[in-house]
Protein chains: 2
Amino acid sequence: MLHVTLRQLQVFEAVARHLSFSRAAEELHLTQPAVSMQIKQLEESVGLPLFEQIGKKIFLTDAGKELYHYSRSIAMQLAEAEAVLEEMKGLKRGKLNISVVSTANYFAPQLLALFCQRNQNITLSLNVINREVLINQLANNEMDLGVMGLPPDGLDIDAEPFMENPLVVIASPSHPLALEKNIPLPRLAQETFIVREPGSGTRSAMERFFAQHNLILSTGMEMSTDEAIKQAVQAGMGLGIVSMLTIALELETKRLVVLDVDSFPIRRHWYVVHRKGKRLSVVAQAFKEFLLQEAAQVMQTVKA
Amino acid sequence: MLHVTLRQLQVFEAVARHLSFSRAAEELHLTQPAVSMQIKQLEESVGLPLFEQIGKKIFLTDAGKELYHYSRSIAMQLAEAEAVLEEMKGLKRGKLNISVVSTANYFAPQLLALFCQRNQNITLSLNVINREVLINQLANNEMDLGVMGLPPDGLDIDAEPFMENPLVVIASPSHPLALEKNIPLPRLAQETFIVREPGSGTRSAMERFFAQHNLILSTGMEMSTDEAIKQAVQAGMGLGIVSMLTIALELETKRLVVLDVDSFPIRRHWYVVHRKGKRLSVVAQAFKEFLLQEAAQVMQTVKA
DNA sequence: AGTTACCAATAAGAATTTCTTATGTTGTTT
DNA sequence: AAACAACATAAGAAATTCTTATTGGTAACT
């Protein structure tokens, strides 16, 4: 490999531009011998003379002309790199890789949209995956930030709650319990529940809740999305437990109702998570703070 | 300006590629701490972290990914520059700027063509100009090599003869002297000569020759090209003095004849010239040697 | 848990590179 | 011939880039 230094190329570029060692030295705030030496070394490692002196003036040799071309090109690249990195420091630009758990799909896009609107030039990629995959990504550092309902225990995770995530029992409006008030919790044991697949956050939260209250719930069908559960509940196939945030539309259009069960809603939160010790990029840090400080309020506004 | 070194970028590129400081150190035949330091300095001058360590593995940050892109690009440029310069060293490639005096136009192209044929990848530019302009270019280092009939005295010129350049007297076949033998030189004083413009090499050689032999020649028309002189002589407007090389075609087709005058032909030579002290490029050097060693022979062959 | 292995960070000093000052050489100008 | 302008050269100072030796932290294996 050619043993040229960037310094040599910079000096060379200046000399070639001025066609003068002394002028170049001035421009670079160097002494003239320093320039001479750099050029000499450069010529040495290139193996060809780059300048020729005819009388008082100096000229570029053919080799010099070629190298001048490349020097300028490299200088351009560097300047561009500098500009890009400088922008990244100022949050003006950056990439943000976010993974959210399926359920968050009902509100995350709105938050992301708002954040992007405020901070132009940010390239954002949103990954909607289930809880298990997200935990995997977290372990392998394949994303900047994650949003999930309940951070896992084992791993070293930095998780902070930023918004409420009430789980409620939903039913078709025609369900016998639809109009009742203060339904006692044990009453649910008689009902069939349509649940998410094992590994889902909602599913495990639900199981833990029933276990805590010494209830055995009869699970009917398993569905892999909240959307499917809502459909099944609407069709009268049983009750469901979902995040309040996912059913705004169905409540409004009276396709579903929330049952008034004792001890409900289950009070949970949405967490923004990243692996402990991960150095967040400026953009990621900004988005995290945006979530912590404004997400709850923003979602309220949207709902109203 | 960013104070990055090429070394830093090289080291960074290796680390980014291997995602390991130790592997990069091996590849570069360095110790691991050396790599650590280079990266640290690079991060310092960039102002952003380039890697992040999660557990045992390291990953590129966004800034790192950007810089990686530019590092590779710069490395490519350098490799390309190296290849080009390496080729130039080996004569495989190069540029050659040659200026020839107008008269040389009759043979120079053939020589150049042969040289180019032998050495592919050489970019050649041939400049046909008159003697005065050529001397100017010589002084200003605006060309690699020149070909002229008589090198100027004043300047520091390195001139070497490489081929004969006999000047002969030409006439129309219908001219009274056309068939005479051993025409005495003074006889020419009665004839009218069609000559090149002042400043032309042929013109001054001619004037010097007549002055040496104490003859006053009567010049009729002045023409700025040898081609025009030949036309005029054919038309019977007088005699001409031109280089033998320029009239091969006309002799063959009997449009012109060479007069058998005493002391003729004027024995001159073609010279390859460059400013003294000029560092000839490898290509230029090669062409010069080609002229010195083969030109005469090649032109013989072509004529025959 | 304790041990081992691996990887990167840090510290100190050696080797190398890159500067500056001082001076020499060459070609141009007066 | 002398003065000037421009690059080359030499020697030593300053800065950098290495190496060796050591520390700290994480993961894997008894």
Side-chain angles (χ1 to χ4, degrees), chain A residues 1-12 14-45 49-61 64 139-141 154-157 275-279, chain B residues 1-12 14-45 49-61 64 139-141 154-157 275-279:
Chain A
M1 187 67 187
L2 220 48
H3 188 244
V4 277
T5 59
L6 212 50
R7 189 87 185 125
Q8 284 169 2
L9 290 182
Q10 284 168 350
V11 171
F12 169 74
V15 175
R17 189 154 32 78
H18 292 290
L19 285 179
S20 158
F21 284 46
S22 306
R23 290 304 89 67
E26 282 173 29
E27 179 181 303
L28 299 168
H29 305 291
L30 287 178
T31 56
Q32 168 263 312
V35 173
S36 287
M37 291 179 77
Q38 293 285 2
I39 298 298
K40 197 174 163 190
Q41 286 177 6
L42 184 57
E43 285 180 333
E44 185 112 355
S45 63
L50 301 170
F51 295 100
E52 62 178 339
Q53 195 168 357
I54 295 280
K56 208 169 179 174
K57 286 177 195 157
I58 60 174
F59 300 88
L60 279 169
T61 61
N140 296 330
N141 197 38
L155 292 153
D156 275 348
I157 297 291
R275 186 157 168 171
K276 190 158 279 177
K278 179 173 174 64
R279 260 207 59 94
Chain B
M1 187 67 189
L2 220 48
H3 188 245
V4 261
T5 343
L6 210 48
R7 189 90 186 122
Q8 285 170 1
L9 290 182
Q10 283 168 349
V11 171
F12 169 74
V15 174
R17 188 154 32 80
H18 288 120
L19 286 179
S20 160
F21 284 47
S22 306
R23 289 303 88 69
E26 281 172 31
E27 177 181 306
L28 299 168
H29 305 291
L30 286 178
T31 55
Q32 168 263 312
V35 173
S36 286
M37 290 179 78
Q38 293 286 4
I39 298 299
K40 196 175 165 190
Q41 286 176 6
L42 184 57
E43 284 180 333
E44 184 112 354
S45 64
L50 301 170
F51 295 99
E52 62 179 341
Q53 194 168 358
I54 296 281
K56 211 168 181 173
K57 287 177 195 158
I58 61 173
F59 301 88
L60 280 168
T61 61
N140 296 329
N141 197 38
L155 290 153
D156 274 347
I157 298 291
R275 187 157 169 170
K276 190 159 276 175
K278 178 172 174 66
R279 259 207 59 96

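Order of the sequence lines sets the chain letters (A, B, ...), proteins ahead of strands, with each chain counted from 1.
The CG atom of B:Leu6 sits 15 Å away from the C1' atom of D:dT17 (whole-angstrom rounding). The CG-C1' distance, from B:Leu42 to D:dT16, rounds to 15 Å in whole Å. Taking atom CE of A:Met37 as the reference point, atom P of D:dA13 lies 15 Å away to the nearest angstrom. Protein atom CD1 of A:Ile58 is 15 Å distant from nucleotide atom P of C:dT28, rounded to whole Å. For the pair B:Leu30 CG and C:dA15 P, the interatomic distance rounds to 17 Å; values are reported in whole Å. Rounded to an integer number of Å, the gap from A:Ile39 CD1 to D:dA6 C1' is 15 Å. Nucleotide D:dT17 holds its C1' atom 19 Å from the CZ atom of B:Phe12, rounded to whole Å. Between the CG atom of B:Leu28 and the C1' atom of D:dT19 there is a distance of 15 Å, rounded to whole Å.
OP1 or OP2 of C:dA9 sits under 4.0 Å from a side-chain N or O of B:Ser36. When the side-chain nitrogen and oxygen atoms of A:Gln38 are compared with OP1 and OP2 of C:dC19, one or more of them lie within a distance under 4.0 Å. Residue A:Gln41 places at least one side-chain N or O closer than 4.0 Å to OP1 or OP2 of C:dT18. Between B:Ser20 and C:dA8 there is a side-chain polar atom (N or O) within less than 4.0 angstrom of OP1 or OP2. The side chain of A:Gln8 contributes no N or O atom lying less than 4.0 Å from OP1 or OP2 of C:dT17. Put simply, B:Ser22 has a side-chain N or O that comes within less than 4.0 Å of OP1 or OP2 on C:dA8. Remark: B:Arg7 is not in phosphate contact with C:dT17, judged by side-chain N or O atoms under 4.0 Å from OP1 or OP2.
A distance of 10.5 Å separates CD of A:Gln10 from CD of A:Glu27, quoted to the nearest 0.5 Å. A distance of 7.0 Å separates CD in B:Glu52 from OG1 in B:Thr61, rounded to the nearest 0.5 Å. Taking CG of A:Leu6 as the reference point, atom CD of B:Gln8 lies at 9.5 Å (rounded to 0.5 Å).
At a cut-off of 3.5 Å, with distance as the only test, no side-chain donor of B:Gln41 or B:Ser45 sits close to an acceptor on the other residue.
Of the options B:Lys40, B:Gln32, B:Gln38, a side chain to side chain donor-acceptor pair (under 3.5 Å) to B:Ser36 is made by B:Gln32 and by none of the others.
Two residues are said to be in side-chain contact when any heavy atoms from C-beta on lie closer than 4.5 Å; B:Leu60 and B:Phe12 meet this criterion. Side-chain contact check for B:Ile58 versus B:Val15: some heavy-atom pair is nearer than 4.5 Å.
For B:Phe21, the side-chain atoms get nearest to C:dA9 when compared with the rest of D:dT16, D:dT19, C:dA9.
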(request) Classify every nucleotide of nucleotides 22-27 of chain D by which part a protein heavy atom approaches to under 4.0 Å, writing B for the base, S for the sugar-phosphate alone and - for neither, in 5'-to-3' order. (result) ----SS
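As judged by a 4.0 angstrom heavy-atom cut-off over every strand, A:Lys57 is placed among residues making no nucleic acid contact. Nucleic acid contact class of B:Thr31 (heavy atoms, under 4.0 Å, all strands): base.
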(request) Check the pair A:Glu26, A:Arg23 against salt bridge (charged side-chain N to carboxylate O under 4.0 Å, His left out), reporting the backbone distance first and the verdict last. (result) CA-CA 5 Å; A:Glu26 282 173 29; A:Arg23 290 304 89 67; 3.4 Å; yes
